[in-house]
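What follows is a single structure, written as structure tokens, with notes after it.
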Amino acid sequence: MKQLFTNRGIFQVLLAFLLVISIMSVSNYIVYRNSISGIYDKMAQVNTLAVQNMIQTFDNNFRTIYNMIHTIHGMPFENMEYENSTQIDMSRVYSLQDQISNLINSTDYIEEAIVFYDDIDLAITSRGTSSFSHLFNEKYKHNVYNASYWRSYMKTRNSLRVFPSEMFTISTSTNVQQGKRNLMIVTGGNKVKMSNKNIILLINEADFMKDVQQNLLIPGSSLVVLDQDRRVIADTGSDWNIQELFDKALLGAAKEASVTKENYEYHLFKSDYNGYIYIEKLPYQFQNIESVTSANRIIMIISILSAIMLSILLSVYLNKPIKNILKQFGTSNSRGNDFVKIHSGIIKMQHEVEQYRNQIAEVDEHIQRTILLRSFDEYDQKVIDDGLMQLYVPGFFKLKHFLVISIHVEKNPGSEESQLAADAIAQMLTQALPANKLAMDVVYEKDFRYLAVIGLDQPTDREPFIKQLARILGQLEKNELSNYTLWASVSRNYLSEVDNCKKAFGDVKLDMQFRHVRENANVIDVEKIRYQWMVYNPFEQIEKLSNFLLNGKLKESKDVISEIIEENRNRNINYHQFIHLAKSMFYSMLKHVDSLPNDTQELLQIEQKFLESLTITNNYVVIEQELYKVAKLVAKQSKQETANKLNPSFISQYIELHYMENLYLDDIAEVTETSPKYFSSYFKRTFGVNYVEYLNKVRLSHARELLKDTNLTIAEIGEKTGYLNSSTFTTTFKKYFGISPSEYRKQCNS
């Protein structure tokens, strides 16, 4: 026994339990003190805030009602009769009725607005007109507040008044009873004559009280509303002597007062707006409070004593298991806190287990990914049979059919967000795709393309899956991958056999190559690919692009690039055709690059970057921007050489600007400050054709554009392109193109 009580471990456990008991005891005492003494104050504060909010709402509603009455008084038509006649002018009636209807439609709790005149038995409401007697004797029926009562009351001098809620029987125009409803009545005062109209507003009490949110009051409290003459006009269920409260409260000039009576407190508030008095009734003391306090104190003492006894027993009971645990960690004989040792040992063990688990998962994932990708690779000669697939990728055979999807993820141009890691994107796609991913999670292939194998129970499940995939990609673009563009290609449906993997992968590769540049869908189905053979590859335009760049004309070069790309986009050619076209334009722009002062290494980097962009993007706009960059570089370097007049850039630019003039060989030689013979030899060696032939090609190129796009005559076009007469122009045009200018124009217009 002595050894037991001198054991360090048992006292550590005991002290831990006693600490917990102490914290619980203090917390329970604080709760005990606050739960009884403070609960009333908190309830009273909450209820007071609710009452103040209700009073504000009451004032706002009464302000709305008063403003509505004044507005109706201010409406035209002091009487409804024709001048010098006793007949009613119905046009005035309908106009007033329409104005009243527009006025009260914005207020939910107003049941009806009624306007009538002293000498006419006509009631004008928002819903139409009727006899005043019929309105209050049949439609809104009450034993006291009938038509005769309101006629008499409105003829006496009185202020604007709110009548408390009364039960009215509501009937339709055909005297069919619809039910009963509590209505408050507001009458327009006539002490100050504002108009000849008598105005009565019917207020739906249920909607009115709902609007002031009487449900915010705590149970047992209530609120009553009195007008300036201390008449009750609204209450929430109170039943007490109001006059006695006023005798005690002495509410005169003061705006607030309080009275305590029996088990309640009464708070009186006077409105700043209309002098109405609001009385809040609030219970201020709980019944049987002493018995509750005594019982709570006894429960606390018993709980503390029981917890101490339980702590001692548990400390003795847990001592031996704690020592056994310490032996497992090899620290049973060392000094120190036993629980700290156990905690350190558990953390160390968890860390080691987590490391082993992660290593095993990485190895399994690597094996699965390798087996799966090798089954797709058409150039891998090693055999991946069903047995190997069953061992490492058993999910592949869960369903009878499968298909392969390839998802391309491309960052949007201009996005400033950093590129997400490929593994992070693969994880997002794995979580978003349906649960029938057979082989494994989504795997990353290359160039931000991801692969997944989807299982199908029936071939007919393919179409619904494609629609579901389109929705999933659209949601990812809006949410997790909002800075990226996603599209996918889907293979045909195949039986779940390893030999079909290469075929399925071949399908998605075909999708990627033969998709259309104007493809709007984010999912491409290999079964719906349509091949286009309408590539627009204008040799003359591409040649012109090269010449523009050689002359440093960047704007004209961009226009040619845009025109070629736009035309092919309109023709919706296949993407691999567009790639070939982009390469043609790229190498055409670099056609004369050897004559420019370029660094060979820099040009190689430009070519590598451009070819890489063709591989990783599926957006023709991105490729167009890359072509613009190359054009800008070549044009900039071309301008640097214009200082020397005897260079290809200056000569071609000068010819382009002056081809419409009589640009003889002597003239151009004089411009370049050389002799005609030397210039002719230099031109032939540099451009590959003689000067006259080159000049004719430039002139005829512009002539063809004028023939196609203008209504100028043949003679006018010949003159504008540098030919002395129409005969020379026609002969030269036919020599180069085999047809006359007029025949060419007919072909263009046909």
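Position 1 is the first residue of the sequence; numbering continues from there. Quantities reported herein were computed from a predicted structural model and do not represent experimental measurements.
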Open item on the list: Can you tell me how far apart OG (S491) and CG (L451) are? Round to the nearest 0.5 Å.
Closed with: 10.5 Å

Open item on the list: Rounded to the nearest 0.5 Å, what separates atom OG in S681 from atom CG in N690?
Closed with: 12.0 Å

TODO: Give a yes-or-no answer on whether the side chains of S562 and D559 include a donor-acceptor pair shorter than 3.5 Å.
DONE: no

Open item on the list: Quick check: do V630 and M585 have side-chain heavy atoms less than 4.5 Å from each other?
Closed with: no

Open item on the list: With heavy-atom distances below 4.5 Å as the criterion, would you say the side chains of V621 and I565 are in contact?
Closed with: no

Task: Pairing of K746 and E743 as salt bridge, 4.0 angstrom limit - done: no

- [ ] Nearest 0.5 Å please: distance from the CD atom of E656 over to the CD1 atom of I651.
- [x] 14.0 Å

Task: Non-hydrogen side-chain atoms of N500 and F402 separated by less than 4.5 Å - done: yes

Open item on the list: Less than 6.0 angstrom from the centroid, inside 45 degrees of the normal: does R704 satisfy that with respect to the ring of F737?
Closed with: yes

Task: Non-hydrogen side-chain atoms of H580 and I573 separated by less than 4.5 Å - done: no

Task: Salt-bridge contact E705-K708 (side-chain N to carboxylate O under 4.0 Å) - done: no

Task: Carboxylate-amine/guanidinium proximity below 4.0 Å for K503 and D507 - done: no

Open item on the list: Quick check: do L473 and E477 have side-chain heavy atoms less than 4.5 Å from each other?
Closed with: no

Open item on the list: Given I407, which partner from the list L429, V490, N522 fulfils the side chain to side chain contact (heavy atoms under 4.5 Å, CB included) test?
Closed with: L429

TODO: Could you tell me whether the side chain of S680 and the main chain of P676 form a donor-acceptor pair under 3.5 Å?
DONE: no

Open item on the list: Salt bridge check, E716 against K720: does any charged N sit closer than 4.0 Å to a carboxylate O?
Closed with: no

TODO: With H401 as reference, evaluate I454, N493, D457 under the side chain to side chain contact (heavy atoms under 4.5 Å, CB included) test and give the passing residue.
DONE: N493

Open item on the list: Using a 3.5 Å distance criterion without hydrogens, assess whether the side chain of D461 forms a donor-acceptor pair with backbone atoms of Q458.
Closed with: yes

- [ ] Please say whether more than 12 non-hydrogen atoms of neighbouring residues, nucleotides or ligands are located less than 6.0 Å from CD in E670.
- [x] no

- [ ] Check whether any side-chain heavy atom of L707 lies under 4.5 Å from a side-chain heavy atom of I714, and answer yes or no.
- [x] yes

TODO: Examine distances only and state if a side-chain atom of N574 and a backbone atom of H576 form a donor-acceptor pair shorter than 3.5 Å.
DONE: no

TODO: Could you tell me the separation between the CD1 atom of I466 and the CG atom of L403, rounded to the nearest 0.5 Å?
DONE: 7.5 Å

Open item on the list: Would you call the rings of Y659 and H702 parallel, tilted or perpendicular, taking 30° and 60° as the class edges?
Closed with: parallel

Task: Any donor-acceptor N/O pair, T728 side chain to Y723 backbone, under 3.5 Å - done: no

Open item on the list: Atom OH of residue position Y736 - does it have more than 12 heavy atoms of other residues, nucleotides or ligands inside 6.0 Å?
Closed with: yes

Open item on the list: Let me confirm one number: the CG-CD1 distance from L581 to I564, rounded to the nearest 0.5 Å.
Closed with: 6.5 Å

Task: Test item: T672 side-chain N/O and A669 main-chain N/O as donor-acceptor pair under 3.5 Å - done: yes

Task: Whether S701 side chain and K697 backbone form a donor-acceptor pair below 3.5 Å - done: no

Task: Min side-chain heavy-atom separation Y691-L663 under 4.5 Å - done: yes

TODO: Taking the side chain as every heavy atom from C-beta outward, state whether V622 and E410 have any pair of such atoms under 4.5 Å apart.
DONE: yes

TODO: Report the relative orientation of the aromatic rings in F683 and F687; use parallel for angles under 30°, tilted for 30 to 60°, perpendicular for over 60°.
DONE: parallel

Open item on the list: Using 0.5 Å steps for rounding, measure from the OG1 atom of T674 to the CD1 atom of I668.
Closed with: 8.5 Å

TODO: Measure from the side-chain N and O atoms of Y484 to the backbone N and O of L420, and report whether any donor-acceptor pair falls under 3.5 Å.
DONE: yes

- [ ] With side chain to side chain contact (heavy atoms under 4.5 Å, CB included) as the test, would you mind laying out the steps for I579 and I623 before giving the verdict?
- [x] CA-CA 9 Å; I579 294 296; I623 297 176; 3.9 Å; yes

- [ ] Spell out, as yes or no, whether a donor-acceptor pair under 3.5 Å connects the side chain of T732 to the backbone of F729.
- [x] no

